[in-house]
Peer 1: 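Just passing along the structure, written as structure tokens.
So you know, we letter chains A, B, ... as the sequences are listed, proteins then strands, and number each from 1.
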2 protein chains.
Amino acid sequence: MASMNDVARRAGVSIATVSRVLNNSSSVNEETRLKILKAIKELKYQPSRVAKRLRSKGGPGNLLGVLIPDIQNPFYVDVLRGIEDIAYKNNYVIIVCNFSQDEKKEAMYLDILESEAIDGLIAAPASEDDVRVKKMVQNGLPVVCVDRGLNGIDVDVVWVNNDAGAFAAVDYLAKAGYKRIGHIAGLPTIPSSRLREAGYRRALAENNLPFDPQWLVYGNSTYKSGVELAEKLLSLPTPPDALFTGNNLITLGALETIHKRKLHIPNDVAIIGFDDMNWSNSLNPPLTAVRQPAYEIGQRAGELLIQRIRDPKRAPIQMTLNSELMVRGSC
Amino acid sequence: MASMNDVARRAGVSIATVSRVLNNSSSVNEETRLKILKAIKELKYQPSRVAKRLRSKGGPGNLLGVLIPDIQNPFYVDVLRGIEDIAYKNNYVIIVCNFSQDEKKEAMYLDILESEAIDGLIAAPASEDDVRVKKMVQNGLPVVCVDRGLNGIDVDVVWVNNDAGAFAAVDYLAKAGYKRIGHIAGLPTIPSSRLREAGYRRALAENNLPFDPQWLVYGNSTYKSGVELAEKLLSLPTPPDALFTGNNLITLGALETIHKRKLHIPNDVAIIGFDDMNWSNSLNPPLTAVRQPAYEIGQRAGELLIQRIRDPKRAPIQMTLNSELMVRGSC
DNA sequence: GATACAAATGTAAACGATTTCATGAAACAC
DNA sequence: GTGTTTCATGAAATCGTTTACATTTGTATC
């Protein structure tokens, strides 16, 4: 790899001049300018982003960190896609850190990101009291949260109205005549899980349905937890006649259990899931789901982050996107 | 962020000694050693990976590039997971480059990766004649290919036996009595697509089924292409009575079309897909599919890459994992 | 007691860029 | 002709490491 020095030598100028041409920072004679450009082409010179990053901290290192809790979850993959699209368009690359809901792994990744001198971070923190992420914000690193906020700290957030989305789903079930609506919730440490649970409870209350604690179970937001908790609910003496599942993976896991038990949806048990997938229509039966605009969440987060990198003093924005109930055949 | 200089000052030694302690590269007095460790702790010093990478090229910068064609494809997400697991265990982080099957974007990303001074690359190149990836191999960068190889270049590859997997699927359909087996193939520029097509043709031949070109269509391996090409095949005067779909997304797209047309699987049309998903069982009906061990592919690729970084002269390995036909209800 | 060697540490150059400051030449005003 | 700008460029410091080389001290060898 040719360095700036090689280019300078070849063009017969100093590296300072080369740098000036590259950043057209100040006036340089047109003739030398062309000489330098020629040399750059001939040597196929490419500036080293590493050197640039080391030298000008706080300057544009063009590197972002993305911290997500579970890359198996299609929701985060879509968010990631949105981020990547925006990042790429702005000449940023992203380091993907999947911490698999493991706080130790999360901490390790945050250390590394700091050490990599990233320009900004998009994170779905492990909890809203996530000390490590909070500290990074306080240290002045541009941060945008997705799906979850941070307690007591003003930070950009992009999310959906989880409470309203959950309410819409459960309300729909109630109005459709289901009386024993169960809920498989995600990790209670995750704010969005709690908000969805709140929506669930509120919908029960407003429809005068009793809340029965045995029908509310908590898992860790994985496929496996969906399988097992559905098993648990459906084995009850009086099992729910409808399920509201807290996310993508839980839904798919629950479906697995329902099918294994040869139960008919929606006659034996109805189901509405939080998170839509573009193949929800091909499920058996087509799944009714609360759609989060995941890709768009990623895009918005990416845009906010790049904005904040350029203007660190902009006041924090909390962006709430709308969820939408996609009614299909599963209830 | 504290630097090595700060540590040195605090411990009353020179930065060289600090560096020696950190890399325990040569003997340093136990007493000063402890002093330094204490200073490191007090200052919460963390070495800068950027500076390290700049200084010692070829040394361990602990940064890998991953170049994948389509992050929407669950197959690659699983591969990515496998890579990430291994990378994380070895203190590497990965820059994820999703080029969305766009060669220009791929080229741009490769430039950037070079400029980021990555230690190694795991790539699913756009084609087996991918000039840019080839050049990186020739330049001595450790590279492992997944899912696809490179023509005329000896390079580590991890993939499955695509031909055999496809054969097994189509052979199964034939033996089950289907006579008009259609195939929605992926991009013919992708080696794995061609191998799957070869397996398809071979299975037809060995079962004495005529090959009808109108039942073989090519798309770009996306969900959308699955929707549209299934539409095309099923609109033929004599439509296929069974479909073999070339990948994950094509399968899901084809299912969408089949359901939209209210066709019954497998009575109206049977389907076997390449690529399994852990929720295949929840599809309508449970999907028969050729399973690729995607997560394991990622792990193996990660291991090979780290090996190669440590020993660049090791002879290239081509690792072929087994695919498996998961028979369920869709045929 | 001079020489040699090992251990412990420091000095300074390098990696590849950016950026401040200095310098020289040309242009202009008086 | 001297002084002041302006334009074009170069020299050198800097970012935070690693590492080749130099230096100091203590100890073993003859």
Peer 1: In this structure, how many angstroms lie between the P atom of C:dT9 and the CD atom of B:E30, rounded?
Peer 2: 11 Å
Peer 1: For A:L141 and A:I118, run side-chain contact (heavy atoms from CB on, under 4.5 Å): C-alpha distance rounded to whole Å, both residues' side-chain angles, the deciding distance at 0.1 Å, then the answer.
Peer 2: CA-CA 9 Å; A:L141 182 77; A:I118 54 171; 4.1 Å; yes
Peer 1: Assign B:S19 to base, sugar-phosphate, or nothing according to its heavy-atom contacts below 4.0 angstrom with the strands shown.
Peer 2: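 Base: the residue B:S19, judged by heavy atoms under 4.0 Å, touches a nucleobase.
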Peer 1: Looking only at the side chain of B:S3 (C-beta and beyond, no hydrogens), which of the listed nucleotides D:dT17, C:dT9, D:dT14 gets closest?
Peer 2: D:dT17
Peer 1: Verify whether one side chain among A:N220 and A:T222 offers a donor that lies under 3.5 Å from an acceptor in the other.
Peer 2: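 Yes, A:T222 and A:N220 have a side-chain donor paired with an acceptor closer than 3.5 Å.
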Peer 1: Which part of the nucleic acid does A:S48 contact within heavy-atom distance under 4.0 Å: base, sugar-phosphate only, or nothing?
Peer 2: sugar-phosphate
Peer 1: For C:dG10 and B:T17 - does any side-chain N or O of the residue sit under 4.0 Å from the phosphate oxygens OP1/OP2?
Peer 2: yes
Peer 1: Rounded to whole angstroms, how far apart are CG on B:N24 and C1' on C:dA8?
Peer 2: 15 Å
Peer 1: C:dT9 phosphate, OP1 or OP2: any side-chain N/O from B:T32 under 4.0 angstrom?
Peer 2: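 Yes, such a contact exists.
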Peer 1: To the nearest Å, how far apart are A:R9 CZ and D:dA11 P?
Peer 2: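 A:R9 atom CZ is separated from D:dA11 atom P by 13 Å.
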Peer 1: With a non-hydrogen cut-off below 4.0 angstrom, is A:V18 in contact with a base, only sugar-phosphate, or nothing?
Peer 2: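 Nothing, no nucleic acid heavy atom in range.
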Peer 1: Thinking salt bridges, do A:E31 and A:K35 make one under a 4.0 Å N-O criterion?
Peer 2: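 No.
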Peer 1: Roughly how many Å is it from CZ in B:R20 to P in C:dA7, rounded to a whole number?
Peer 2: 14 Å
Peer 1: Heavy atoms only, 4.0 Å cut-off, all strands: where does A:V13 land among base, sugar-phosphate and nothing?
Peer 2: sugar-phosphate
Peer 1: Just to be sure I understand the rule, does A:L22 reach a base, reach only the sugar-phosphate, or reach nothing, if contact means heavy atoms closer than 4.0 Å?
Peer 2: nothing
Peer 1: Side chain of A:S27: nearest nucleotide among C:dT9, D:dC7, D:dA12?
Peer 2: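 From the listed options, D:dC7 comes nearest.
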Peer 1: Grab the CG-C1' distance between A:N23 and D:dT9 for me, whole Å please.
Peer 2: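 Result: 16 Å.
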Peer 1: Classify the nucleic acid contact of A:Q46 as base, sugar-phosphate or nothing, counting any heavy atom under 4.0 Å across all strands shown.
Peer 2: sugar-phosphate
Peer 1: Any luck finding a side-chain donor-acceptor pair between A:Y295 and A:D85 under 3.5 Å?
Peer 2: yes
Peer 1: Remember a base hit wins even if backbone is also touched, and classify B:N5 as base, sugar-phosphate or nothing at under 4.0 Å, heavy atoms.
Peer 2: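 Nothing, no nucleic acid heavy atom in range.
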Peer 1: Think A:S14 has a side-chain N or O under 4.0 angstrom from the OP1 or OP2 of D:dA11?
Peer 2: no
Peer 1: If you assign each of B:L54 and B:R33 to its closest nucleotide in DNA chain C, which residue comes earlier from the 5' end?
Peer 2: B:R33
Peer 1: Taking all non-hydrogen atoms of both residues into account, name the closest pair between B:E116 and A:V50 and its distance.
Peer 2: O-CG2, 3.3 Å
Peer 1: Round to the nearest Å and state the distance from A:I15 atom CD1 to D:dA8 atom P.
Peer 2: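 About 20 Å, once rounded to whole Å.
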Peer 1: Any chance the side chains of B:D129 and B:S127 put a donor and an acceptor closer than 3.5 Å?
Peer 2: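 There is no such pair (donor and acceptor under 3.5 Å, judged by atom type) between the side chains of B:D129 and B:S127.
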Peer 1: Pick the closest DNA chain D nucleotide for A:A51 and for A:N29 by heavy atoms, then say which residue is nearer the 5' end.
Peer 2: A:N29
Peer 1: Let me know the distance between NZ of A:K52 and C1' of C:dG16, rounded to the nearest Å.
Peer 2: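 Rounding to the nearest Å, NZ of A:K52 and C1' of C:dG16 are 11 Å apart.
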Peer 1: Could you tell me the separation between the CZ atom of A:R53 and the C1' atom of C:dC15, rounded to a whole number of Å?
Peer 2: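 Nearest whole value for this atom pair: 15 Å.
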